[in-house]
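Report on the following structure.
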Amino acid sequence: MTDVPRTVPLDQLPKLRELFEALNSGRHLNRHHDHALWVELEQQLKHYQTLFAALGYDLRIDGRGYAWFHTADATSTVSKNSRRLALFFLLLFEYQADQGQHLGKFHSWSLDRSLLQVLWEKNQALLEAEDVADVDGLADILNTGARYGFCLSEEPHWRLLPAVYRYLDHFEELAAELRVQKTEDVALAHWEDDV
Amino acid sequence: MNEYGFQRLVLLNSAGYERAELPLDDAVSLVAPNNTGKTSLINALQFLLIIDKRRMDFGPHSADASRRFYFPNNSAYILLEVVLPEVGSVVMGCVGKGMSHDYGYFVYRGQLNIEDFRGPDGSTVQEPRLAQHFERLGKVVYRYEPNEFTAALYGSGNRRRNEALDFTVFKLDYARHASAYQRVLTRTLRLDKLKSDEVKEYLLEIFKRELPDANIDFKAEWDKAFAEVNAERAQYRAALALKPTIERLADEQAERLELRGRIIHFRPLVDTALAAWQQHYDETRVQLGHALAEAQKQSHKLDSNQNAWVVEQTELGQRQKALEALNEEHATLARRFALTPDLAMLERQRDDAKAAYENQVARVHQANQVAPQALRRRIAATKRELESLHHQLAHLGSNLYLALAARLDEARLARLNRILSRDAMALPPDRFELTSELTDVIRHSAGEELQFAGLRLDTEGLPAQFSQRTEAELQDELAAQQSQLEQLQTQLSTAEALEKAVQLQRELEKRLREAEQALDDYRRFLELQTQESLRYDELERIAQRHAELSDKLRRIAELRTQYRKQEREHEAAIDTLDAQHRQIDRLRRERADQTPEFDALSELPHTPWLGRQNFSLDELAEQLEAYQQNCRRLIRLNELTAAKLQEIHHGGLTKYANESDSEREMERIIDFANHLAQEAEALARKERSAIVNVTVSLRELRDGLQVFKAQMRRFNRLISGRQLSDLKVFKIEPQEDAPLVEAIELLINTAEKADTGETFELFNQTSITDDAAITRAKDLLIRAGEARGCLRVENLFRLEFVVGKENQREEAFADIDSAASNGTVLMAKLVTGLALLHLMQDRRHRIRAVCYLDEASALDPRNQRNLIETAREFGFALIFASPTPQVTARYCVPISSRGGVNRISRLSWQILEPFESQNAPLEPA
């Protein structure tokens, strides 16, 4: 006895269109922002997974409260946006870690222009290399992030949404790899010394 | 090993098995190639343990297909032997009913002996004969309806009957766990299918009782706390939105109250006045008629007087003009005849003129009678006569005539005188000669005849040409001729100057006329002069009379104007009165105040009328019209206010809809709308108070979360005592949903501050960001609650499967399936599932059940042993399914297949016993 694909009762998915449009536009759904969509997704998860998989979409849901369509090859625009967002979040996490902030608590951070100013001043060269010319450029990145469901614009602040874990996880992995690399390098150095 | 519990499972003619007998009292390794019915065998237990068709799970197979599969006929059996503490061995069975593929439940006491189901003919006993058959065997078979069977199995609900067998297998701590227990139990038959979300669901179900109030519906709590505030806010917003409408309503209501007061005051007055009106009208009408007639009469009288006077005045005017003309004439004549002494002179002048004229007339007349040519001939003749006369006169003594007379007798002379011209006769002697021959010739002529040689003349009748006159006669004749010549010459000259003469005549005639006219005029002058004083007297009289008449006429005009005015006034008064009467008549018929509402008007709220208190009958029409208008306006206002009230209701402002009447409601609404600012403040206070109140339920949520976490720690202790594969750590950790929990904490902390005396000022005085934080927290909780219909403890956390291997960092996974390798996951699921069932079971009533693990070869023997041990501790016997025997189990049971029919014979069971003294691997017995 094995599981076979089931039929999807579309009448039980009243928010299908809205959900699909949001996800297909590259947006991340966040439990604490897109409440209604999230609840339907949560309640009809099996149907949505079946349906989207059948349509060739890779619906991913993170238990920390966000969902998205995963794509392996991003378009150039998305990748540019994604690259800028990655850079921004990297710089932000780096800065916040330096400030002694718990990175897992990013949802409670309130990002304002003074913070952006500091980020800009500290990383001007890097940012300019990514065509981010000023603090407004950083604000633009955040606004782009808001479109993709990474943050929320609450004038005059921005707040990060759980989808940012995608970046945070990635950075932590990178950091871990770097540490391993460093350890291995050190070990190799010792071995070479021994030899 | 627990002595109580499942002993054996037997399938007869079911699920493709002709006969299957499976031990369940210890770990079993069910050995068969894939797709030979291992899972079907285990799934058969669902009919006996789950019972409720809705909860059974046959994977992709439908319930109907499964029914046909398990109960193809009425000799298909699924049998389970269980040893229970109270009753010992009991066999629970499910038997097919035949064509319908339906099935029934039965139970009997005793051990399960397959031979008991063999009939006298060696075939399997059919369902209808089952009871009878067992009766022969001395056993009582109890039949159960599915719900009764469930109740008995789970020891819940009403037992069917006293005599029925008590075969409670699963004694749960709480009867309400039955549903979750069954679901988990279903899973124990396929624990590899256990899903992460199910784990959370089951855990919540199990711990529900432990939570302070696991059923808190946060939305409901919120609504309860905010019900009043929300209702009042809705009312406030509705009032705010409806303010313009309410203001108009207020105006209309004020007007209505005023109108009511006015109508209440005037209604009796109008009634009284209407009663008196007809008489008033009739009397006034007659009076005005009389007055009008009188005025008209006076007016007519004046008209006739005026006409007479106008005629007289006209005549006087004419006379006056005539007299003035006479005076003028007199004056003119006086100036003209100023130098004329008397009438005689004028008469003389007239006579002279007359004579001149008449002469001239005669001359002209004569000139007109003789033509100038004739006059000239007559002048010439006259001149010749004169010449002849002069000749005669000159030769008066010696002329021929005398010479002849001398010689001839008278008769002959006369005859000769007739033929010789007068001038010849007068010839002087020197101019003639007389011979005898003449005498002779004449002598010869007798009678009247005269004969000359060759000529004879008859002289009879011839006039005498010549007569011998005297000198005097000649002189007279000469004078006469001379006079005639002169006359003729004058006539000629007159005739020749006739144009001038006629002109002159006319001139003279004119002069004559002028002279005569002057004479006449003078006479007229004399006459006028004589009458002058009379005329002046008359003129004076006329002027006097004229003035009198003018004065009279003027006064008449004034009087007439006066009478006309009176007439018009009377007419107008009559018209007005008639119009009033018609109007009143019409209004009386159209009275708008005849509805019952107007009778009860004084009982309705109204503003007492303080204006003019009364009116006269003359004003009745006007007042009645106004009164009618007021009545209609009041009716209209009733409609308008009702419509507005309805509009206000539709707009959502209904808080005063329960007032005793609409008047009172309007009053309250208007008052409410007038105090919106104060209402807003009160609303804000209530809102804050509600936030404080709602945190009571938030505290319960938070406490629930804490309790759940404590329970989870207990649960983790239960499952972490087992070594799972190579895992050092395996636990299920509730991870708080930080935003939600923080939001709850924030509100609770805020409310605590409020509770400790800082009260509402706290909300007023906190900084904007703090206030915003509270708002955000509140909004988050509301929206999260709304999206889910309510906010529950389970919404505050998610479960993470934390896995830690030796010498490695612990990792957390949302999905148990992704936590580790297949075998490890399998174990984790099994342990988790068994722990869940264990937690639900009544600790005092442990009955060993079974759980099933497919693909058991994925686990190494050490892990298999671990699992078997763990299952045993939780009260389960493990059934491993795999194509190869698993030697960790006590029983190795192969499935044999013959002719497409499966079979498990008790004889093929292999029982593996450990050597007590050695720890060496066991060989199959």
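Computed from a prediction, not measured in an experiment: that's the story for all the values here.
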Sequence-distant partners of B:Asp64, side-chain contact (heavy atoms from CB on, under 4.5 Å), two or more places apart: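 So B:Asp64 forms a side-chain contact (heavy atoms from CB on, under 4.5 Å) with B:Ser62, B:Arg67, B:Arg68.
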Inter-residue atom distance B:Arg776.CZ - A:Ser108.OG, 0.5 Å rounding: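 Output value for this atom pair is 9.5 Å.
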Heavy-atom contact with chain B under 4.5 Å, split by part of A:Glu40: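 Contact with chain B involves no heavy atom of A:Glu40 at all.
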Pairs where residues 53-63 of chain A contributes a residue and the test side-chain hydrogen bond (donor to acceptor under 3.5 Å, both in side chains) is met, not counting sequence neighbours: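 Every side-chain hydrogen bond (donor to acceptor under 3.5 Å, both in side chains) pair that includes a residue of residues 53-63 of chain A, provided the two are not neighbours, is A:Asp58-A:Arg60, A:Asp62-A:Arg64, A:Asp62-A:Tyr66.
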Please tabulate, one pair per line, all N/O donor-acceptor pairs under 3.5 Å involving side-chain atoms of residues 737-744 of chain B, not counting sequence neighbours.
| from | atom 1 | to | atom 2 | distance (Å) |
| --- | --- | --- | --- | --- |
| B:Asp737 | OD1 | A:His32 | NE2 | 2.4 |
| B:Asp737 | OD2 | A:Arg31 | NH1 | 2.8 |
| B:Asp737 | OD2 | A:His32 | NE2 | 2.6 |
| B:Glu742 | OE1 | A:His107 | NE2 | 3.1 |
| B:Glu742 | OE2 | A:Lys105 | NZ | 3.0 |
| B:Glu742 | OE2 | A:His107 | NE2 | 3.2 |

Inter-chain contacts: residues 113-133 of chain A against chain B, heavy atoms under 4.5 Å: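 Residues in range: none.
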Contact leader toward chain B among A:Arg159, A:Glu154, A:Glu42, A:Gln43, where contacts are heavy-atom pairs under 4.5 Å: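 Top count of heavy-atom pairs under 4.5 Å with chain B: A:Arg159.
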Region of B:Arg798 in contact with chain A, defined by heavy-atom distances below 4.5 Å: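 Side chain only.
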